[in-house]
Amino acid sequence: MLYSRYFIPTLKETPSDAEVVSHQLMLRAGMIRKLAAGIYNYLPLGLRSIRKFENIVREEMNRAGAIEMLMPSVQPAELWQESGRWTFYGKELLRFKDRKESEFCMGPTHEEVITDLVRREIKSYRQMPVNFYQIQTKFRDEIRPRFGLMRGREFIMKDAYSFDVDGSAADESYDKMYQAYMRIFERCGLKFRAVEADTGSIGGSSSHEFMVLAESGEDAIVSCDSCHYAANVEKAEARPDQLDDKVAQLPLEKVATPDKKTIADVADFLGLPSDRTIKTLIYTSGTGDLVMALLRGDHELNEIKLKNSLCWEEIQMASEEQIMAVTGSPIGFLGPIGLKVKIPIIADLGIQGLANTVVGANEKDVHFTNANLERDFQVDRFIDLRNVVSGDACPRCEQGKLEMWRGIEVGHVFKLGTKYSKALNATYLDADGKEQILFMGCYGIGIGRTVAAAIEQNHDKNGIIFPIPIAPFHCSVVALNTKDKGVMAEAEEIYFKLEKCGIEVLFDDRDERPGVKFKDNDLIGIPLQMVIGSKGLAEGKVEVKIRKTGEVLFLPIEDAIAHIQQLVGSSLNYE
RNA sequence: CGGGGAGUAGCGCAGUCUGGCAGCGCACCUGCCUUGGGAGCAGGGGGUCGAAGGUUCAAAUCCUUUCUCCCCGACCA
């Protein structure tokens with residue numbers, strides 16, 4: 001590709017509305033341009049990277065036995081009404097009517113469509129297992145799109161749906177996808193973790209997220225430093241601490257704590273460590289149910305654990321008025337002792353070992369000290385309610401400690417069970433001619449998001465550093481002096497030779513000063529650069545620059561070509 | 001949806017408080033010059049100041065309404 005005939009509109013300055021590095025660099029490198037909030041043009045360079053990644057995904061999906069197809073991006077309302085999600089999905093579903101006033105939506109996901117297809121076409125156990133996938137543009141009318149391709153409203157996604165005769169066959173399909181995902185992200189040269197995850201609104205029995213590690217990641221994840229356990233913090237299990245030694249229970253005492261509302265304030269004021277206090281939180285389902293949650297003062301509530309334990313659809317902190325009605329006290333002095341209205345009390349496992357703790361007295365500016373479980377207050381249920389923190393004991397092995405990371409969720413695999421097949425009545429006949437419900441799995445990969453995550457993980461102050469497998473071009477040939485016929489002729493010949501070897505080359509033939517070319521080639525992240533100048537050519541040599549390390553090799557032309565070939569070859573080779 | 005901020009040339013911004021010629025840097029076009037890390041000189045093009053209404057002799061600037069975009073929260077590939 002000739003740079004001068006291509007289209008790479010780079011920017012020197014960072015557009016002010018881009019916050020994260022990948023967004024800034026994709027704009028500056030001329031990969032994308034915004035059309036509307038969360039909706040982007042993919043410019044030639046950006047599209048090349050996306051296509052590269054799509055092809056890796058495609059190869060690995062095919063290899064795992066999945067079958068490619070393509071479903072429409074516009075979907076009829078009837079299907080969504082049938083699954084119940086027309087009302088449940090809310091405003092994120094972009095709806096509109098056609099000229100006949102029939103209702104449609106832009107597909108945010110394709111469970112309904114695929115299940116509808118499959119229930120018509122898959123009738124027999126002999127047709128399974130089967131796994132269909134597509135690479136499609138989805139639309140979710142997010143309340144707040146942000147971070148460029150990382151969270152757009154319109155985005156490209158690979159989604160796959162497996163159908164099996166029973167749970168254990170579905171587990172096998174799931175494992176295949178899990179392995180395919182491992183290969184996909186390894187092939188891209190990304191640092192990532194597969195972690196246990198909450199299934200969220202998609203539902204199903206279990207799931208794993210694939211997280212590209214990056215400081216700017218929106219998710220917190222943990223992994224064990226000694227076994228294979230890894231999980232999203234939303235899901236990560238906390239192992240309760242050892243129970244306290246038997247200590248003598250001291251008498252319950254009321255103490256004045258004027259204006260001491262936070263755990264830190266109260267602990268400070270009383271001269272106690274915060275793990276000797278109990279944090280009391282009141283939550284509501286939004287439909288009138290209330291629950292009290294107790295945690296050790298230094299622990300943080302995991303709302304998802306609480307929500308899942310209650311089987312509520314929604315969970316939010318109770319309002320000041322609701323709290324006042326239950327406890328008679330303003331926020332800051334809540335506790336489990338002496339409630340005006342009885343509500344369920346759920347406590348974190350960490351509460352069990354505590355003795356002589358501090359709790360709010362349900363009275364403004366007053367706390368109790370030496371409160372003790374059973375003697376002073378009762379708990380309806382003990383469950384794991386808290387967020388794990390770095391250094392916590394691993395829930396799976398004896399010696400391990402949990403390490404914390406930030407991650408960008410680029411893939412998610414779900415065991416769906418029969419949730420959708422039941423709702424849409426997708427059945428097959430088994431070997432005995434009996435009608436059975438299909439078992440499903442679904443598997444997503446954010447295509448644009450993965451490219452953005454790769455940039456988030458691989459950049460420096462000069463710009464993007466693409467891993468070769470998803471780089472828009474493997475190599476650039478930078479001709480330094482375009483007026484020098486010798487340089488241009490030699491550069492052109494090298495360009496042809498490299499292309500003939502199957503290397504994807506961007507030939508920077510622009511009539512620009514060297515500095516401009518170096519800056520642009522660095523910015524757009526071309527992993528290997530061959531620099532051809534008149535001085536080097538006088539010795540029959542050219543430079544090979546490795547973008548990632550900055551290393552520069554001064555080599556005879558043929559050696560340089562061979563070296564590039566070898567570097568590209570080894571990075572694309574994966575077994 | 002709640003809270004915060006911003007809309008002035010393709011990009012980055014000043015000007016708005018205190019109304020009075022619409023500006024600066026980069027980019028773009030022409031010429032000269034220059035060629036190993038975003039050069040220099042000279043000349044040039046480009047604006048309904050987000051939109052609508054109002055106040056005023058006069059509005060980018062003051063008032064009202066509205067649209068868009070960005071940031072923080074809940075959702076998600």
Side-chain angles (χ1 to χ4, degrees), chain A residues 9-20 23-24 27-28 30 33-39 53 57 89-93 108-110 135-160 181 197-202 207 209-212 218-219 232 234 286 303-304 307 314-317 407-414 442-453 462-463 478-484 487 510-523 529 531-536 543 545 550 552 554:
Chain A
T10 57
L11 304 171
K12 277 191 196 175
E13 287 171 293
T14 303
S16 60
D17 55 5
E19 187 76 3
V20 297
H23 187 195
Q24 293 171 350
L27 288 167
R28 287 193 54 208
R33 287 291 185 267
K34 186 172 68 184
L35 180 63
I39 301 177
F53 181 56
V57 170
Y89 216 94
K91 285 193 175 169
E92 231 165 75
L93 191 61
T109 176
H110 284 72
I135 296 174
Q136 236 295 22
T137 295
K138 312 260 188 208
F139 195 95
R140 293 182 192 168
D141 199 0
E142 297 259 355
I143 293 161
R144 190 154 86 84
R146 56 183 140 171
F147 303 152
L149 291 198
M150 204 87 96
R151 184 188 297 247
R153 289 194 292 174
E154 188 189 273
F155 58 100
I156 303 171
M157 180 173 164
K158 186 286 300 178
D159 49 328
Y181 276 38
D198 185 67
T199 54
S201 61
I202 303 268
S207 82
E209 289 167 335
F210 289 76
M211 295 281 190
V212 168
E218 291 187 89
D219 287 279
N232 192 310
E234 292 176 354
E303 290 188 4
I304 290 171
K307 178 177 152 192
E314 285 279 322
I315 188 166
Q316 59 200 53
M317 292 191 87
I408 299 165
E409 182 190 352
V410 290
H412 203 156
V413 293
F414 296 88
C442 77
Y443 317 93
I445 290 180
I447 301 288
R449 183 183 279 188
T450 303
V451 172
N462 292 318
V478 182
L480 282 192
N481 190 334
T482 50
K483 299 238 163 51
D484 182 326
V487 167
R510 292 175 301 165
D511 181 19
E512 289 285 357
R513 299 167 60 84
V516 173
K517 296 187 170 191
F518 292 143
K519 288 288 185 192
D520 275 340
N521 276 276
D522 284 353
L523 175 62
Q529 299 169 20
V531 181
I532 291 137
S534 47
K535 286 177 208 152
E543 282 166 38
K545 179 174 142 187
V552 176
F554 197 46

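So you know, we letter chains A, B, ... as the sequences are listed, proteins then strands, and number each from 1. Remember, it's a predicted structure, so these values are computed and weren't measured experimentally.
Judged by distance alone, the side chain of A/Arg449 and the main-chain N or O of A/Val410 form no donor-acceptor pair under 3.5 Å. Judged by distance alone, with hydrogens and angles left aside, the side-chain atoms of A/Arg28 form a donor-acceptor pair with the main-chain N or O of A/Leu11 at under 3.5 Å. A/Glu154 places no side-chain N or O within 3.5 Å of a backbone atom of A/Ile39 that could act as its donor or acceptor partner. A donor-acceptor pair under 3.5 Å links the side-chain atoms of A/Lys517 to the main chain of A/Ala479, judged by distance alone. For the pair A/Tyr181 (side chain) and A/Gly444 (backbone), a donor-acceptor distance under 3.5 Å is present.
Judged by distance alone with a 3.5 Å cut-off, no donor-acceptor contact links the side chain of A/Glu512 to the base of B/G38.
Looking at heavy atoms from C-beta onward, A/Lys34 lies in side-chain contact with A/Asp17 at the 4.5 angstrom threshold. Residues A/Lys158 and A/Ile447 have side chains in contact (heavy-atom distance under 4.5 Å, counting atoms from C-beta outward). Counting heavy atoms from C-beta outward, A/Glu512 and A/Thr482 have side chains that stay 4.5 Å or more apart. Residues A/Asn521 and A/Val478 meet the side-chain proximity criterion, which asks for heavy atoms closer than 4.5 Å. In this structure the side chain of A/Phe147 never reaches within 4.5 angstrom of the side chain of A/Ile408, judged on heavy atoms. Using a 4.5 Å cut-off on side-chain heavy atoms (C-beta onward), A/Phe518 and A/Lys545 make no contact.
Pair assignment for B/G40 gives B/C32, based on Watson-Crick or G-U wobble hydrogen-bonding distances that are each under 3.5 Å. Taking a pair to require two hydrogen-bonding distances under 3.5 Å in either a Watson-Crick or a G-U wobble arrangement, B/U18 remains unpaired. For B/G45, there is no paired base (Watson-Crick or G-U wobble, both distances below 3.5 Å). Here B/U68 sits opposite B/A6 as a Watson-Crick or G-U wobble pair (both hydrogen-bonding atom distances under 3.5 Å). Across the strands present, B/C1 finds its partner in B/G73; the criterion is a Watson-Crick or G-U wobble pair with both atom distances under 3.5 angstrom. For B/G25, the paired nucleotide is B/C11, the pair qualifying as Watson-Crick or G-U wobble because both relevant distances are below 3.5 Å.
Note on A/Gln316: nothing from the nucleic acid sits closer than 4.0 angstrom, heavy atoms only. Among the heavy atoms of the strands lying under 4.0 Å from A/Arg28 is at least one base atom, whether or not backbone atoms are also near. Among the heavy atoms of the strands lying under 4.0 Å from A/Val516 is at least one base atom, whether or not backbone atoms are also near. In this structure, A/Gly533 reaches the bases: a heavy-atom distance under 4.0 Å links it to at least one base atom across the strands shown. Residue A/Gly148 is classed as having no contact, given no heavy-atom separation below 4.0 Å to the nucleic acid. Across all strands shown, A/Asp484 has no heavy atoms under 4.0 Å from either base or sugar-phosphate atoms. Residue A/Lys545 is in base contact, counting any heavy-atom pair closer than 4.0 Å across all strands shown. Note on A/Asn462: nothing from the nucleic acid sits closer than 4.0 angstrom, heavy atoms only. Contacts of A/Tyr443 with the nucleic acid, taken as non-hydrogen atoms under 4.0 Å apart, are absent.
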Atom pairs under 3.5 Å, N or O on each side, protein against nucleotides 31-34 of chain B: can you list them with distances?
unit_1 : atom_1 : unit_2   : atom_2 : d
B/U34  : O2     : A/Arg513 : NH1    : 2.9

Tabulated below should be each protein N or O lying under 3.5 Å from an N or O of nucleotides 9-15 of chain B; please produce it.
unit_1 : atom_1 : unit_2  : atom_2 : d
B/C11  : O2     : A/Glu13 : OE1    : 3.2
B/G12  : OP1    : A/Ser16 : N      : 2.8
B/G12  : OP1    : A/Ser16 : OG     : 3.3
B/C13  : OP2    : A/Ser16 : OG     : 3.1

Could you list all N or O pairs between the protein and nucleotides 49-52 of chain B that sit under 3.5 Å apart?
none

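Of the side-chain N and O atoms in A/Lys12, none sit less than 4.0 angstrom from OP1 or OP2 of B/G25. OP1 or OP2 of B/C72 lies within a sub-4.0 Å distance of a side-chain N or O belonging to A/Arg144. Of the side-chain N and O atoms in A/Arg146, one or more sit less than 4.0 angstrom from OP1 or OP2 of B/G73.
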Next item on the list: Start with the C-alpha gap between A/Glu209 and A/Asn232, add the side-chain angles, then the distance that decides, and say whether side chain to side chain donor-acceptor pair (under 3.5 Å) holds.
Entry: CA-CA 8 Å; A/Glu209 289 167 335; A/Asn232 192 310; 2.7 Å; yes

Checklist line | Derivation and outcome, side-chain contact (heavy atoms from CB on, under 4.5 Å), residues A/Leu27 and A/Arg33 | finding: CA-CA 6 Å; A/Leu27 288 167; A/Arg33 287 291 185 267; 4.3 Å; yes

Next item on the list: Go through the steps for A/Thr109 and A/Tyr89 under the test side-chain contact (heavy atoms from CB on, under 4.5 Å), then give the verdict.
Entry: CA-CA 11 Å; A/Thr109 176; A/Tyr89 216 94; 4.2 Å; yes

Next item on the list: Could you check A/Glu218 against A/Glu409 for side-chain contact (heavy atoms from CB on, under 4.5 Å), going step by step and ending with a plain yes or no?
Entry: CA-CA 8 Å; A/Glu218 291 187 89; A/Glu409 182 190 352; over 6 Å; no

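In this structure, CD of A/Glu218 is placed 11 Å from P of B/C71, rounded to the nearest angstrom. Note: NE2 (A/His23) to P (B/C69) measures 13 Å, nearest angstrom. Rounded to whole Å, atom P of B/A39 lies 11 Å from atom CG of A/Asp520. Between A/Phe210 atom CZ and B/C76 atom P there is a gap of 18 Å when expressed in whole angstrom units. When rounded to the nearest whole Å, the span between CD of A/Glu92 and P of B/A77 equals 10 Å. A/Phe139 has its CZ atom 18 Å from the P atom of B/C76, to the nearest Å. As a whole-Å value, the separation of A/Glu234 CD from B/C75 P is 7 Å. As a whole-Å value, the separation of A/Arg140 CZ from B/A74 P is 18 Å.
Of the listed nucleotides (B/C71, B/C26, B/A77), B/A77 has the atom at the smallest distance from the side chain of A/Met157. Closest to the side chain of A/Glu409, from the set B/G37, B/A77, B/C75, is B/A77. When each of B/C72, B/G37, B/C69 is scored by its nearest atom to the side-chain atoms of A/Ala36, the top-ranked nucleotide is B/C69. When the nucleotides B/C75, B/G38, B/C76 are ranked by their closest atom to the side chain of A/Asp219, B/C76 comes out on top. You'll find that the side chain of A/Asn481 is closest to B/U35, out of B/C75, B/U35, B/G38. Comparing B/C75, B/G38, B/G37 by their nearest atom to the side chain of A/Leu523 picks out B/G38.
Where stacking is scored as ring centres under 5.5 Å apart with planes under 30°, A/Phe155 registers as stacked on the base of B/A77.
Of the residues near RNA chain B, A/Phe518 and A/Gly446, the one whose nearest nucleotide (by heavy atom distance) lies more toward the 5' end is A/Phe518. Along RNA chain B, the nucleotide nearest to A/Ala18 and the one nearest to A/Glu209 differ in position, and the one closer to the 5' end is contacted by A/Ala18.
Comparing the C1' positions of B/G2 and B/C28 gives a spacing of 43 Å, expressed to the nearest Å. For the C1' atoms, the distance linking B/G45 with B/G50 amounts to 24 Å, nearest Å.
Side-chain contact annotation: A/Thr10 with A/Asp520, donor-acceptor N/O pair under 3.5 Å present.
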